[in-house]
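A short write-up of the structure that comes next.
When reading the values below, keep in mind they use all heavy atoms of this one structure, side chains included, and skip hydrogens, waters and symmetry mates. Keep in mind the model is a prediction, meaning the values are calculated, not measured. Counting from 1, the numbers follow the sequence of the chain as shown.
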Amino acid sequence: MEAKMRAIIRDGVMTSPTATTGEVDNPNPCPDRLLVRPLAVGITAMETHWLPTWKKADGSARSAPVILGHEFAGEVLRAGENVADYKPGDRVIGHIRPYDDGACAALVSVHPQDVVSLPAPLDPRLASVLPLAGLTAWQALFDHGRLEKGQKVLIHGGAGGVGHLAVQLAKWHGAEVITTCGPNDLEFCRAIGADLVIDYTQDRFEDLANEVDLVLDTIGGDTQERSWKVIRRGGTLVTIAGEKEDAPSQERAERQGIRALFFIVTMDRNQLQKLIALQADGHLHPVVDRLYAFDEVLSFFEGSDFRSGRGKAIMLPLRP
(Lines give C-alpha, C1' and ligand atoms only; values in the text may rest on other atoms or scores of the structure.)
Protein backbone atom coordinates (compact mmCIF):
# COMPACT_ATOMS: atom_id res chain seq x y z
CA MET A 1 0.00 0.00 0.00
CA GLU A 2 1.29 3.45 -0.88
CA ALA A 3 2.29 5.76 1.99
CA LYS A 4 0.31 8.65 0.50
CA MET A 5 -3.20 9.05 -0.85
CA ARG A 6 -5.14 11.74 -2.67
CA ALA A 7 -7.90 13.49 -0.76
CA ILE A 8 -10.32 16.42 -0.94
CA ILE A 9 -9.12 18.93 1.63
CA ARG A 10 -10.08 22.44 2.74
CA ASP A 11 -8.05 25.32 1.42
CA GLY A 12 -7.99 29.11 1.51
CA VAL A 13 -8.68 31.00 4.70
CA MET A 14 -11.58 30.71 7.11
CA THR A 15 -13.25 33.89 5.82
CA SER A 16 -13.03 32.67 2.21
CA PRO A 17 -12.85 28.86 2.30
CA THR A 18 -12.41 26.59 -0.69
CA ALA A 19 -11.68 22.94 -1.37
CA THR A 20 -8.81 21.43 -3.29
CA THR A 21 -7.19 18.07 -3.98
CA GLY A 22 -4.06 17.19 -2.06
CA GLU A 23 -1.74 14.34 -1.23
CA VAL A 24 -1.91 13.30 2.41
CA ASP A 25 -0.47 10.55 4.58
CA ASN A 26 -2.39 7.31 4.82
CA PRO A 27 -4.06 6.87 8.21
CA ASN A 28 -1.80 5.26 10.78
CA PRO A 29 -2.81 1.83 12.14
CA CYS A 30 -4.55 2.22 15.48
CA PRO A 31 -5.52 -0.58 17.90
CA ASP A 32 -8.81 1.14 18.75
CA ARG A 33 -9.96 2.11 15.24
CA LEU A 34 -11.11 0.72 11.94
CA LEU A 35 -9.37 1.36 8.64
CA VAL A 36 -12.14 1.69 6.06
CA ARG A 37 -12.19 2.01 2.29
CA PRO A 38 -15.03 4.45 1.51
CA LEU A 39 -17.45 3.29 -1.18
CA ALA A 40 -19.52 6.48 -1.19
CA VAL A 41 -19.27 9.75 0.74
CA GLY A 42 -22.13 12.16 1.39
CA ILE A 43 -20.89 15.68 0.73
CA THR A 44 -22.21 19.04 1.90
CA ALA A 45 -21.35 22.26 0.08
CA MET A 46 -21.11 24.28 3.30
CA GLU A 47 -18.64 21.93 4.99
CA THR A 48 -15.73 24.19 4.09
CA HIS A 49 -17.46 26.86 6.22
CA TRP A 50 -18.09 24.69 9.26
CA LEU A 51 -16.19 25.83 12.34
CA PRO A 52 -14.75 22.36 13.14
CA THR A 53 -13.20 22.33 9.65
CA TRP A 54 -10.97 25.18 10.83
CA LYS A 55 -10.85 25.03 14.61
CA LYS A 56 -10.21 22.38 17.24
CA ALA A 57 -12.66 21.86 20.08
CA ASP A 58 -10.56 24.15 22.29
CA GLY A 59 -10.75 26.96 19.71
CA SER A 60 -7.19 26.68 18.44
CA ALA A 61 -6.50 26.39 14.71
CA ARG A 62 -6.53 23.00 13.00
CA SER A 63 -3.40 22.27 11.03
CA ALA A 64 -3.72 21.61 7.31
CA PRO A 65 -4.54 19.37 5.59
CA VAL A 66 -8.09 18.75 6.83
CA ILE A 67 -9.98 16.10 4.85
CA LEU A 68 -13.65 16.77 4.05
CA GLY A 69 -16.64 14.39 4.01
CA HIS A 70 -18.30 13.36 7.29
CA GLU A 71 -20.84 10.70 6.30
CA PHE A 72 -19.95 7.61 4.34
CA ALA A 73 -20.50 3.98 3.46
CA GLY A 74 -17.48 1.75 3.19
CA GLU A 75 -15.75 -1.58 3.59
CA VAL A 76 -13.54 -2.45 6.55
CA LEU A 77 -9.96 -3.18 5.47
CA ARG A 78 -8.44 -3.60 8.90
CA ALA A 79 -9.77 -3.75 12.44
CA GLY A 80 -7.50 -2.70 15.30
CA GLU A 81 -6.53 -5.34 17.83
CA ASN A 82 -8.88 -3.81 20.42
CA VAL A 83 -11.90 -3.83 18.06
CA ALA A 84 -14.12 -6.87 18.45
CA ASP A 85 -17.32 -6.04 16.56
CA TYR A 86 -16.00 -5.71 13.01
CA LYS A 87 -13.66 -7.58 10.70
CA PRO A 88 -12.14 -7.02 7.25
CA GLY A 89 -14.76 -7.21 4.54
CA ASP A 90 -17.63 -5.91 6.67
CA ARG A 91 -19.69 -3.11 5.11
CA VAL A 92 -20.45 -0.18 7.37
CA ILE A 93 -21.91 3.31 7.32
CA GLY A 94 -20.70 5.98 9.67
CA HIS A 95 -20.68 9.56 10.89
CA ILE A 96 -17.17 10.91 11.36
CA ARG A 97 -16.62 13.14 14.37
CA PRO A 98 -16.53 16.87 13.54
CA TYR A 99 -12.88 17.37 14.51
CA ASP A 100 -11.61 14.20 12.77
CA ASP A 101 -10.51 13.94 9.15
CA GLY A 102 -13.31 13.02 6.80
CA ALA A 103 -13.82 10.31 4.20
CA CYS A 104 -13.16 12.16 0.91
CA ALA A 105 -10.09 10.00 0.39
CA ALA A 106 -9.09 6.46 -0.50
CA LEU A 107 -8.93 5.46 3.18
CA VAL A 108 -10.38 6.71 6.45
CA SER A 109 -9.70 5.85 10.09
CA VAL A 110 -12.86 5.76 12.21
CA HIS A 111 -13.94 4.92 15.72
CA PRO A 112 -15.95 1.67 15.80
CA GLN A 113 -18.53 3.46 17.97
CA ASP A 114 -19.22 5.77 15.02
CA VAL A 115 -20.27 3.11 12.50
CA VAL A 116 -22.99 0.49 12.16
CA SER A 117 -23.19 -2.53 9.89
CA LEU A 118 -24.77 -2.09 6.47
CA PRO A 119 -26.92 -5.05 5.37
CA ALA A 120 -25.88 -6.57 2.06
CA PRO A 121 -29.08 -5.74 0.09
CA LEU A 122 -28.80 -1.98 0.69
CA ASP A 123 -27.09 0.26 -1.85
CA PRO A 124 -24.11 1.89 -0.12
CA ARG A 125 -24.53 4.99 -2.27
CA LEU A 126 -28.01 5.61 -0.87
CA ALA A 127 -27.14 4.55 2.67
CA SER A 128 -24.14 6.88 2.75
CA VAL A 129 -26.44 9.88 3.34
CA LEU A 130 -28.07 8.48 6.48
CA PRO A 131 -25.33 9.11 9.08
CA LEU A 132 -25.36 12.91 8.76
CA ALA A 133 -28.48 13.97 6.84
CA GLY A 134 -30.63 11.13 8.17
CA LEU A 135 -29.62 11.56 11.80
CA THR A 136 -30.09 15.32 11.52
CA ALA A 137 -33.66 14.81 10.29
CA TRP A 138 -34.40 12.21 12.98
CA GLN A 139 -33.01 14.28 15.84
CA ALA A 140 -34.66 17.48 14.62
CA LEU A 141 -38.09 15.87 14.48
CA PHE A 142 -38.07 13.47 17.41
CA ASP A 143 -35.36 14.42 19.89
CA HIS A 144 -35.55 18.21 19.71
CA GLY A 145 -38.91 18.72 18.01
CA ARG A 146 -40.71 16.07 20.09
CA LEU A 147 -43.04 15.45 17.17
CA GLU A 148 -46.07 13.31 17.97
CA LYS A 149 -48.49 11.42 15.79
CA GLY A 150 -51.23 13.69 14.45
CA GLN A 151 -49.27 16.92 14.96
CA LYS A 152 -48.63 19.43 12.21
CA VAL A 153 -45.05 20.00 11.05
CA LEU A 154 -43.70 22.55 8.56
CA ILE A 155 -40.42 21.48 6.96
CA HIS A 156 -38.58 24.13 4.98
CA GLY A 157 -36.63 22.83 2.00
CA GLY A 158 -38.48 19.53 1.67
CA ALA A 159 -36.55 18.46 -1.43
CA GLY A 160 -33.11 19.04 0.11
CA GLY A 161 -30.65 16.66 1.69
CA VAL A 162 -32.08 16.79 5.21
CA GLY A 163 -35.53 17.98 4.15
CA HIS A 164 -36.47 15.05 1.91
CA LEU A 165 -35.63 12.59 4.68
CA ALA A 166 -37.47 14.68 7.28
CA VAL A 167 -40.64 14.74 5.13
CA GLN A 168 -40.59 10.94 4.87
CA LEU A 169 -39.84 10.39 8.56
CA ALA A 170 -42.55 12.79 9.69
CA LYS A 171 -45.11 11.12 7.42
CA TRP A 172 -44.05 7.64 8.62
CA HIS A 173 -44.51 8.90 12.19
CA GLY A 174 -48.10 9.91 11.45
CA ALA A 175 -47.72 13.69 11.33
CA GLU A 176 -49.46 16.13 9.02
CA VAL A 177 -46.62 17.32 6.80
CA ILE A 178 -46.34 20.75 5.17
CA THR A 179 -43.22 21.61 3.21
CA THR A 180 -41.76 24.39 1.07
CA CYS A 181 -39.80 23.85 -2.13
CA GLY A 182 -39.16 25.28 -5.57
CA PRO A 183 -41.49 24.84 -8.56
CA ASN A 184 -39.52 21.92 -10.02
CA ASP A 185 -39.89 19.87 -6.84
CA LEU A 186 -43.61 20.14 -6.11
CA GLU A 187 -44.54 16.69 -7.40
CA PHE A 188 -41.44 15.15 -5.84
CA CYS A 189 -42.38 16.43 -2.38
CA ARG A 190 -45.94 15.19 -2.79
CA ALA A 191 -44.64 11.78 -3.87
CA ILE A 192 -42.49 11.39 -0.74
CA GLY A 193 -45.41 12.13 1.57
CA ALA A 194 -46.03 15.86 2.03
CA ASP A 195 -49.70 16.68 2.57
CA LEU A 196 -49.34 20.33 1.57
CA VAL A 197 -46.53 21.52 -0.71
CA ILE A 198 -45.91 25.26 -0.97
CA ASP A 199 -44.02 26.76 -3.90
CA TYR A 200 -41.94 29.42 -2.17
CA THR A 201 -41.54 31.33 -5.45
CA GLN A 202 -45.30 31.80 -5.74
CA ASP A 203 -46.75 31.81 -2.22
CA ARG A 204 -45.76 32.94 1.24
CA PHE A 205 -45.94 29.93 3.53
CA GLU A 206 -47.30 32.03 6.41
CA ASP A 207 -50.43 32.67 4.32
CA LEU A 208 -51.09 28.93 4.00
CA ALA A 209 -49.81 27.40 7.22
CA ASN A 210 -50.90 28.24 10.75
CA GLU A 211 -51.06 26.75 14.24
CA VAL A 212 -48.08 24.56 13.41
CA ASP A 213 -46.75 22.31 16.18
CA LEU A 214 -43.19 22.15 14.81
CA VAL A 215 -41.18 24.08 12.26
CA LEU A 216 -37.97 22.48 10.97
CA ASP A 217 -35.91 25.27 9.43
CA THR A 218 -33.15 24.16 7.06
CA ILE A 219 -32.86 27.57 5.38
CA GLY A 220 -32.35 30.29 7.99
CA GLY A 221 -32.45 34.03 7.44
CA ASP A 222 -35.79 35.49 6.35
CA THR A 223 -37.37 32.03 6.24
CA GLN A 224 -36.65 31.52 9.91
CA GLU A 225 -37.82 35.02 10.78
CA ARG A 226 -41.17 34.49 9.05
CA SER A 227 -41.62 31.08 10.66
CA TRP A 228 -42.25 32.48 14.13
CA LYS A 229 -45.75 33.65 13.22
CA VAL A 230 -47.02 30.21 12.09
CA ILE A 231 -46.13 28.31 15.30
CA ARG A 232 -48.86 27.71 17.85
CA ARG A 233 -48.30 28.61 21.48
CA GLY A 234 -46.52 25.62 23.03
CA GLY A 235 -45.01 24.68 19.67
CA THR A 236 -41.37 24.38 18.65
CA LEU A 237 -38.95 25.97 16.17
CA VAL A 238 -35.90 23.84 15.36
CA THR A 239 -33.23 25.22 13.06
CA ILE A 240 -30.13 23.60 11.61
CA ALA A 241 -29.17 26.63 9.50
CA GLY A 242 -25.94 28.47 10.22
CA GLU A 243 -23.84 28.12 13.37
CA LYS A 244 -24.54 28.36 17.09
CA GLU A 245 -24.49 32.14 16.98
CA ASP A 246 -27.48 31.97 14.61
CA ALA A 247 -29.62 30.22 17.22
CA PRO A 248 -33.14 31.65 17.67
CA SER A 249 -33.68 34.23 20.40
CA GLN A 250 -34.64 32.59 23.68
CA GLU A 251 -36.19 35.85 24.93
CA ARG A 252 -38.45 35.99 21.90
CA ALA A 253 -39.36 32.31 22.30
CA GLU A 254 -40.33 32.88 25.92
CA ARG A 255 -42.48 35.85 25.01
CA GLN A 256 -44.27 33.85 22.33
CA GLY A 257 -44.67 30.78 24.50
CA ILE A 258 -42.73 28.38 22.26
CA ARG A 259 -39.49 26.41 22.33
CA ALA A 260 -36.82 27.56 19.86
CA LEU A 261 -33.41 26.00 19.37
CA PHE A 262 -30.46 25.36 17.10
CA PHE A 263 -28.63 22.04 17.24
CA ILE A 264 -25.77 20.15 15.63
CA VAL A 265 -26.26 16.47 14.90
CA THR A 266 -24.56 13.86 17.08
CA MET A 267 -23.82 10.23 16.32
CA ASP A 268 -26.38 7.79 17.71
CA ARG A 269 -25.91 4.17 16.70
CA ASN A 270 -29.40 3.10 17.75
CA GLN A 271 -31.03 5.84 15.69
CA LEU A 272 -28.82 5.05 12.71
CA GLN A 273 -29.82 1.39 12.91
CA LYS A 274 -33.48 2.48 12.94
CA LEU A 275 -32.90 4.54 9.80
CA ILE A 276 -31.27 1.55 8.09
CA ALA A 277 -34.22 -0.63 9.08
CA LEU A 278 -36.66 1.92 7.66
CA GLN A 279 -34.71 2.00 4.41
CA ALA A 280 -34.59 -1.80 4.27
CA ASP A 281 -38.36 -2.00 4.88
CA GLY A 282 -39.13 0.54 2.16
CA HIS A 283 -40.37 3.28 4.50
CA LEU A 284 -37.41 5.58 3.81
CA HIS A 285 -36.02 6.33 0.37
CA PRO A 286 -32.82 8.38 0.37
CA VAL A 287 -32.35 10.29 -2.86
CA VAL A 288 -28.99 10.93 -4.48
CA ASP A 289 -29.36 13.73 -7.00
CA ARG A 290 -25.72 14.34 -7.84
CA LEU A 291 -22.97 11.75 -8.11
CA TYR A 292 -19.38 12.91 -8.46
CA ALA A 293 -16.18 11.10 -9.27
CA PHE A 294 -13.17 12.17 -7.22
CA ASP A 295 -11.78 14.36 -9.99
CA GLU A 296 -15.13 16.09 -10.52
CA VAL A 297 -16.14 16.98 -6.99
CA LEU A 298 -14.27 20.28 -6.64
CA SER A 299 -16.92 21.92 -8.82
CA PHE A 300 -19.46 21.09 -6.12
CA PHE A 301 -17.46 22.62 -3.29
CA GLU A 302 -16.33 25.59 -5.36
CA GLY A 303 -19.90 26.48 -6.19
CA SER A 304 -19.60 26.47 -9.97
CA ASP A 305 -21.78 23.37 -10.04
CA PHE A 306 -23.73 24.06 -6.85
CA ARG A 307 -27.48 24.24 -7.17
CA SER A 308 -30.49 23.43 -5.09
CA GLY A 309 -30.95 19.77 -5.98
CA ARG A 310 -33.11 16.96 -4.73
CA GLY A 311 -31.67 14.89 -1.94
CA LYS A 312 -27.95 14.67 -1.34
CA ALA A 313 -24.80 14.81 -3.40
CA ILE A 314 -22.26 12.02 -3.00
CA MET A 315 -18.69 11.39 -4.09
CA LEU A 316 -17.15 8.11 -5.16
CA PRO A 317 -13.61 7.99 -3.70
CA LEU A 318 -10.51 6.67 -5.40
CA ARG A 319 -9.50 3.09 -4.75
CA PRO A 320 -6.46 2.69 -2.46
Side-chain angles (χ1 to χ4, degrees), residues 42 44-46 71 93 95 126-182 185-200 205 209 212-220 223-224 227 230-231 235-242 248 259-268 271-279 281-289 308-314:
T44 306
M46 292 301 294
E71 60 180 342
I93 63 172
H95 177 196
L126 299 180
S128 69
V129 309
L130 295 179
L132 186 61
L135 283 177
T136 298
W138 182 283
Q139 291 170 14
L141 294 173
F142 307 132
D143 291 354
H144 301 288
R146 304 174 186 172
L147 185 66
E148 297 180 2
K149 182 178 180 179
Q151 289 189 326
K152 187 188 302 185
V153 58
L154 169 59
I155 299 167
H156 290 303
V162 172
H164 87 287
L165 296 173
V167 168
Q168 295 177 68
L169 288 172
K171 190 63 177 179
W172 162 78
H173 196 62
E176 179 184 347
V177 183
I178 306 168
T179 194
T180 60
C181 66
D185 294 317
L186 300 174
E187 290 305 318
F188 169 76
C189 287
R190 293 188 184 101
I192 61 174
D195 298 290
L196 173 61
V197 181
I198 300 171
D199 180 352
Y200 67 82
F205 64 83
V212 170
D213 296 285
L214 170 63
V215 170
L216 171 51
D217 167 35
T218 70
I219 309 297
T223 296
Q224 182 186 127
S227 294
V230 306
I231 305 171
T236 303
L237 168 63
V238 175
T239 182
I240 61 170
R259 295 171 57 247
L261 60 100
F262 165 87
F263 83 99
I264 296 174
V265 64
T266 57
M267 176 61 181
D268 188 303
Q271 292 174 354
L272 189 50
Q273 287 168 339
K274 290 177 182 177
L275 289 169
I276 291 172
L278 287 172
Q279 183 185 359
D281 292 343
H283 296 296
L284 186 63
H285 300 276
V287 172
V288 171
D289 179 58
S308 179
R310 293 179 183 173
K312 281 281 289 189
I314 66 171

Task: Side-chain heavy-atom pair Ile264, Thr266 within 4.5 angstrom cut-off - done: no

Open item on the list: Checking side chain to side chain contact (heavy atoms under 4.5 Å, CB included) between Leu237 and each of Asp217, Val212, Leu261, which is the one that passes?
Closed with: Asp217

TODO: Determine the minimum heavy-atom distance between Ile155 and Ala170, stating which atoms define it.
DONE: CD1-CB, 4.3 Å

Open item on the list: I'd like to check the ring pair (Phe, Tyr, Trp, His ring centres under 6.0 Å) partners of Phe262; sequence neighbours left out, ordered by chain and number.
Closed with: none

TODO: Verify, without hydrogens or angle tests, whether Asp195 (side chain) and Val177 (backbone) share a donor-acceptor contact under 3.5 angstrom.
DONE: yes

Open item on the list: Side chains of Lys312 and Ser128: any donor to acceptor distance under 3.5 Å?
Closed with: no

Task: Any donor-acceptor N or O pair under 3.5 Å, side chains Glu176, Gln151 - done: no

TODO: Output the distance between atom NE2 (His173) and atom NE2 (His283), rounded to the nearest 0.5 Å.
DONE: 14.0 Å

Open item on the list: Just to verify, what does Lys274 make a salt bridge (charged side-chain N to carboxylate O under 4.0 Å, His left out) with, not counting sequence neighbours?
Closed with: none

Open item on the list: To the closest 0.5 Å, what do you measure between NE2 (His164) and SG (Cys181)?
Closed with: 13.5 Å

Task: For the student: nearest non-hydrogen atoms of Leu165 and Pro286, plus distance - done: CD2-CA, 3.9 Å

Task: Distance in Å, Thr239 OG1 paired with Ile219 CD1, rounded so as to fall on 0.5 Å steps - done: 9.0 Å

TODO: May I ask you to check whether Tyr200 and His156 place their ring centers less than 6.0 Å from one another?
DONE: no

Task: Interatomic spacing from CD1 in Ile198 to CG in Leu154 - rounded to 0.5 Å - done: 6.5 Å

Open item on the list: Checking the side chain of Asp268 only, and the main-chain atoms of Gln271 only, is there a donor and an acceptor separated by less than 3.5 Å?
Closed with: yes

TODO: For residues Val197 and Asp185, determine if any side-chain heavy atom of one lies less than 4.5 Å from a side-chain heavy atom of the other.
DONE: no

Task: Test item: Thr179 and Phe205 side chains (from C-beta on) under 4.5 Å apart, heavy atoms - done: no

Task: Close side-chain approach of Val153 to Val215, heavy-atom, < 4.5 Å - done: no

TODO: Please assess Glu71 against Leu130 for the test side chain to side chain contact (heavy atoms under 4.5 Å, CB included), listing each intermediate value before the final yes or no.
DONE: CA-CA 8 Å; Glu71 60 180 342; Leu130 295 179; 5.9 Å; no

Task: Under-4.0 Å salt bridge between Arg146 and Asp213 - done: no

- [ ] To the nearest 0.5 Å, tell me how far His144 NE2 sits from Thr136 OG1.
- [x] 9.0 Å

Open item on the list: Classify the ring geometry of Phe142 against Trp172: parallel below 30°, tilted from 30° to 60°, perpendicular beyond 60°.
Closed with: perpendicular

Open item on the list: I want to check something: taking the side chain as every heavy atom from C-beta on, are His95 and Val265 in contact at a cut-off of under 4.5 Å?
Closed with: yes

TODO: Indicate the atoms forming the closest heavy-atom contact of Leu272 with Leu135, along with that distance.
DONE: N-CD2, 3.8 Å

Task: Atom pair CD1 (Ile314) and CG (Leu126), whose distance is rounded to the nearest 0.5 Å - done: 7.0 Å

